[in-house]
Amino acid sequence: MCGIVGYIGEEQAAPILLDGLAKLEYRGYDSAGMAIYDGEKINIQKSMGRLKVLSELTHDGSTMPGCIGIGHTRWATHGEPSDANAHPHFNESKTIAVVHNGIIENYVKLKKKLTDKGYQFLSETDTEVVAHLLDYYYKKNEEKPDRIIETITKVMHRVEGSYALGIIFQDQPDRVYALRKDSPLIVGKGAHGNLIASDVPAVLKYTRDVYFIDNEEIACLTKEEISFFNSDGESIEKTSKRIDWDINAAEKGGYEHFLLKEMYEQPKTVRDTLNPRIKDGQIVIEELGMTDEEICAINRIHIVACGSAYHTGVTAKYIMEGLARIPVEVDLASEFRYRNPILQKNDLVIIISQSGETADSLAALREAKEQGITTLGIVNVVGSSIAREADRVMYTWAGPEISVATTKAYSAQLIAHYLLAIHFAKVKGMITDEKVADMITELKALPAQIEMLLANKEKIQKMANRYVGAKDVFFIGRGIDYAIGLEGSLKLKEISYIHSEAYAAGELKHGTISLIEEGTLVISLVTQKDLYLKTISNIVEVRSRGAVVFAVTNEDNTEIEKNADYVIYVPQTNKYFTNSLAIVPLQLFAYYVSIGRGCDVDKPRNLAKSVTVE
Ligand code: M6R
């Protein structure tokens, strides 16, 4: 979590850093800071609070002159959000400034050693050890010909954990240094200067030519040049990639919030993820690189992910098992990596991640690879760690997702799962060409159906207004409807701070039903025709205990009106694709409830978009 930026060039650095940090604020937003070299010395300004506090403090950067600098937006791990703990951090003589994204796991040990050597610490962060360690080795390497690279590689070998670091040295004023291990870092080559950042949107305004820095690599930026080194300090060559994203994708484009904009981008996202993989009426997933024999030989699929990505995995289990009859296990990445999972030859591990940087998902991927199991990443961010490390990558073409709560990337992940399941089922001979053709027609209809649901938002808005003050909300459903409920519940609680839980409808009476009281809102997902009657029985049970029921169901299930207080109908589609439609009213509901409560929907408290710590 946290976002780092850096700039060296002909322009004033501070406004460029502030602009870059604004694009990275989704990564953390409890404090922000900048270090700028003014021609004589390094000045730091930092403050607890959102980036706008730093902008005000520096009069939009104008009080910090200089063309070289680094910046940071923080999601606190070690040390509470405070001015002192905000980055950048200095060495004692204020000649070295550091920004950091990640966790230095052995910082206690290093801090003790440095304290014993007389170093004094001003913050509670793990990062400050890096500033002092750099100072220590910089002094020690005084005689070395390549003193800085020697110093940085030495520090690299001493620190354990994850890091993307931006560093400036007062007596090397024409350079910005950056290095990384297990936290994302890119370098942008601009016409009027060069940049570092945690993510591409931060540099898109200035350049589309980007280098993706690999683990244990170092970048050295001057105004004109960028050079790279490995962890032994040897010079290495890297090739830049041209980023062809639409720059407007990272802007609000007239919408009040990124979250709303991204919800409305879902039809496009679905099309972009789907269309390139349908050729001549067939599903073709070229990037999968698996022969029919390999697909037929798959013994078991393990889907591993976190948060909403995990919820798409829960949906995928029903579809993959239903269509292709391949057993699927779905794991939370944070559990998978420590439970010594049983992985066997011919298993396939699928890691799902929007950011491609989620620490637990990345660790799960590495665990699977270590055991020699084929891995497939379903990833949104091009060039991210999971995309680069997985054996195969299937991209979800959702474009940059800025809002912390995911919507469009979630929808794109669902499409990727549908495509995989249909493709595997077809190759295994479990479904006919005719069936595939029907399903493709239904898939192609989804974008317009989502558009229609988004256009009819008034009813949801009205309902949301009534439940702005809700204390607890329950989501119930069976099968895929349960998976939809998991995501609907997460969406509501993460942005509105209303407690909510998703339950398999049949499980409710094994304990949770005791929480239902007069007026409790129960949102029921009823899109699986073969389960209509079963779920309706559960609706009746909660209603008779005072619950108010909001049902989301298919157009053909008008019977439900007798049993629900509010009904939202979603268009008819294949039973396996209902998640793509039913999630839309739940997203809108979460959004409008949260707006009604005055919440910051794009940046909910305590959260960060990319969870790069365990
Ligand atoms: O980048 P990832 O898809 O790996 O992120 C996984 C979760 O952190 C993410 O889905 C999270 O749950 C979102 N806040 C959900 O809106």
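Each ligand, and each atom within it, is numbered from 1 in the order the structure gives.
Counting protein heavy atoms only, atom 6 (C) of ligand 1 is closest to C306 O, 3.3 Å. Looking at atom 10 (O) of ligand 1, its nearest protein heavy atom turns out to be S308 N, 3.1 Å. The protein atom (non-hydrogen) at minimum distance from atom 3 (O) of ligand 1 is Q354 N, 2.6 Å. In terms of protein heavy-atom proximity, atom 5 (O) of ligand 1 is closest to T358 OG1, 3.5 Å.
A donor-acceptor contact shorter than 3.5 Å links the side chain of N380 to the backbone of G399. No side-chain donor-acceptor contact under 3.5 Å links T207 to the backbone of G188.
Contact check on K261 versus E265 returns a salt bridge, with a Lys/Arg side-chain nitrogen under 4.0 Å from an Asp/Glu carboxylate oxygen.
Both cation-pi conditions hold for R605 and Y497: the charged atom is under 6.0 angstrom from the six-membered ring centre and inside a 45 degree cone around its axis.
Contact between K491 and ligand 1 is present, with at least one heavy atom of the residue lying under 4.0 Å from the ligand.
A ring-centre distance under 6.0 Å is not found for Y482 and F475.
Ring geometry, H87 versus H72: the interplanar angle falls under 30°, so the pair is classed parallel (tilted spans 30 to 60°).
Ligand 1 has no N or O atom lying under 3.5 Å from any N or O atom of S361, backbone or side chain. Residue contacts with ligand 1: S355 is placed with a nitrogen or oxygen under 3.5 Å of a nitrogen or oxygen of the ligand (distance criterion only).
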